[in-house]
Amino acid sequence: MDGDYDKKILELKSKIKSYPDFPKPGILFWDIFSAISDGPTCKLLQSLLVQTIKAKFPDVEAVIGLESRGFLFSFSVAAELSIGCLPVRKKGKLPGEVVSYKYELEYGTDILEIQKGTIRKGLKCLIIDDLIATGGSITAATKLLQSCGADVIGCLAVIELTSLRGRQNIPEGIPVHSLIQYE
Ligand SMILES: O=P(O)(O)OC[C@H]1O[C@H](OP(=O)(O)OP(=O)(O)O)[C@H](O)[C@@H]1O
Ligand SMILES: Nc1ncnc2[nH]cnc12
């Protein structure tokens with residue numbers, strides 16, 4: 001990481017707005033879009049993600065963006081690194097044959113999907129999302145990718161809500177990295 005890394009992280013942090021009681025009472029919502037509404041911060045965030053990937057996940061062969069805010073960052077870094085960008089989406093959004101993974105939510109269940117044939121056995125995949133809360137989305141995406149034969153080499157998020165202990169829920173052995181942490 002370059003010498004200005006911590007300064008750049010603080011600059012990024014200063015651009016992220018939070019909204020109390022959105023989308024439900026009691027939730028403090030961290031709005032990643034507030035950090036990319038101006039050009040210099042967009043570039044700063046992209047370069048921090050790329051720098052982090054080069055340092056921590058140098059062997060990555062494909063980035064996997066989680067619907068929908070994860071797509072912003074997966075495409076941006078994939079283009080910069082000239083590697084593939086594959087989406088994991090919620091049920092019914094991807095055309096063609098898909099592989100599905102059903103997982104438990106606080107109330108009920110949800111299903112994630114990836115297009116069949118996009119993951120070759122042993123493909124070194126890095127999962128990217130805007131935020132880790134409970135870790136449920138990343139955990140489900142990890143299991144979906146592993147069921148397709150992927151080698152999930154880690155996951156990367158812009159924001160991590162540490163008090164929710166999401167990283168403890170993510171399967172052991174999957175390195176987790178976040179740029180910014182909030183309690
Ligand atoms: O760690 P978790 O508890 O799984 O929560 C984090 C996930 O929740 C949000 O996505 P959401 O499902 O709200 O979809 P969106 O990106 O389309 O708004 C966020 O973008 C992460 O993907
Ligand atoms: N508190 C939060 N802010 C923004 N996105 C979220 N996704 C899950 N929890 C969130």
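One-based numbering, in listed order, for ligands and for the atoms of each.
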So, the side chain of Ser76 versus the backbone of Leu72: is there a donor-acceptor pair under 3.5 Å, distance only? no
Would you confirm whether Asn169, through its side chain, and Thr134, through its main-chain N or O, come within 3.5 Å as a donor-acceptor pair? yes
Quick one: does any side-chain atom of Glu67 pair with a main-chain N or O of Pro87 as donor and acceptor, under 3.5 Å? no
Looking at Ser68, which atoms of ligand 1 are within less than 4.0 Å of one of its heavy atoms? 15 (P), 16 (O), 17 (O)
What residue and atom, counting heavy atoms only, is the protein's closest point to atom 5 (O) of ligand 1, and at what distance? Ala133 CB, 3.6 Å
So which bit of Thr134 gets within less than 4.0 Å of ligand 1, heavy atoms only: side chain, backbone, both or neither? both
Atoms of ligand 2, numbered as shown, that sit under 4.0 Å from any heavy atom of Arg69: 4 (C), 5 (N)
For Leu28, the atoms of ligand 2 under 4.0 Å from one of its heavy atoms are 1 (N), 2 (C), 3 (N)
Polar side-chain atom of Gln181 near backbone of Ser178 as donor-acceptor pair, under 3.5 Å: yes
Can you list the ligand 1 atoms lying under 4.0 Å from a non-hydrogen atom of Lys90? 11 (P), 12 (O), 14 (O)
of all protein heavy atoms, closest to atom 9 (C) of ligand 1 is Arg69 NH2, 3.4 Å
The option among Ser137, Ala133, Pro23 carrying the non-hydrogen atom nearest to atom 9 (N) of ligand 2 is Ala133
Residues at least two apart in sequence or cross-chain that pass ring-ring contact (aromatic ring centres under 6.0 Å, His included) with Phe22, listed by chain then number, are Phe29
Ligand 1 atoms in contact with Ser137 (distance to a heavy atom under 4.0 Å): 2 (P), 4 (O), 7 (C)
For atom 3 (N) of ligand 2, which protein heavy atom lies nearest, and how many Å away is it? Trp30 N, 2.9 Å
Look at ligand 1 and say whether Gly166 reaches it with a heavy atom at a distance under 4.0 Å. no
For residues Lys54 and Gln51, is any side-chain donor paired with an opposing acceptor at under 3.5 Å? no
Whether Asp21 side chain and Gly26 backbone form a donor-acceptor pair below 3.5 Å: yes
Which heavy-atom pair separates Ala62 from Leu123 by the least distance, and what is that distance? CB-CD2, 3.9 Å
Looking only at distance, does Ile132 have an N or O less than 3.5 Å from an N or O of ligand 1? no
re atom 21 (C) of ligand 1, the protein heavy-atom contact at minimum distance is Asp129 OD2, 3.2 Å
Is ligand 2 under 4.0 Å from a heavy atom in the side chain of Leu161, in the backbone, in both, or in neither? side chain
For Leu131, the atoms of ligand 1 under 4.0 Å from one of its heavy atoms are 6 (C), 21 (C)
Please check this pair: side chain of Asp38 against backbone of Thr41, looking for a donor-acceptor N/O pair closer than 3.5 Å. yes
Does Lys13 NZ have over 12 foreign heavy atoms under 6.0 Å away? yes
Nearest to atom 6 (C) of ligand 2, what protein heavy atom do you find, and at what distance? Leu131 CD2, 3.5 Å
I'd like to check whether Leu66 has a polar contact with ligand 1, where a contact means an N/O of the residue lying under 3.5 Å from an N/O of the ligand. no
Examine distances only and state if a side-chain atom of Glu61 and a backbone atom of Lys124 form a donor-acceptor pair shorter than 3.5 Å. yes
So if I count the atoms of ligand 1 from 1 in the order they appear, which ones are less than 4.0 Å from some heavy atom of Asp130? 19 (C), 20 (O), 21 (C)
Polar contacts were defined as any N/O atom of the residue lying under 3.5 Å from an N/O atom of the ligand; does this apply to Asp130 and ligand 2? no
Main-chain N/O of Ile32 paired to Arg69 side chain as donor or acceptor, under 3.5 Å: no
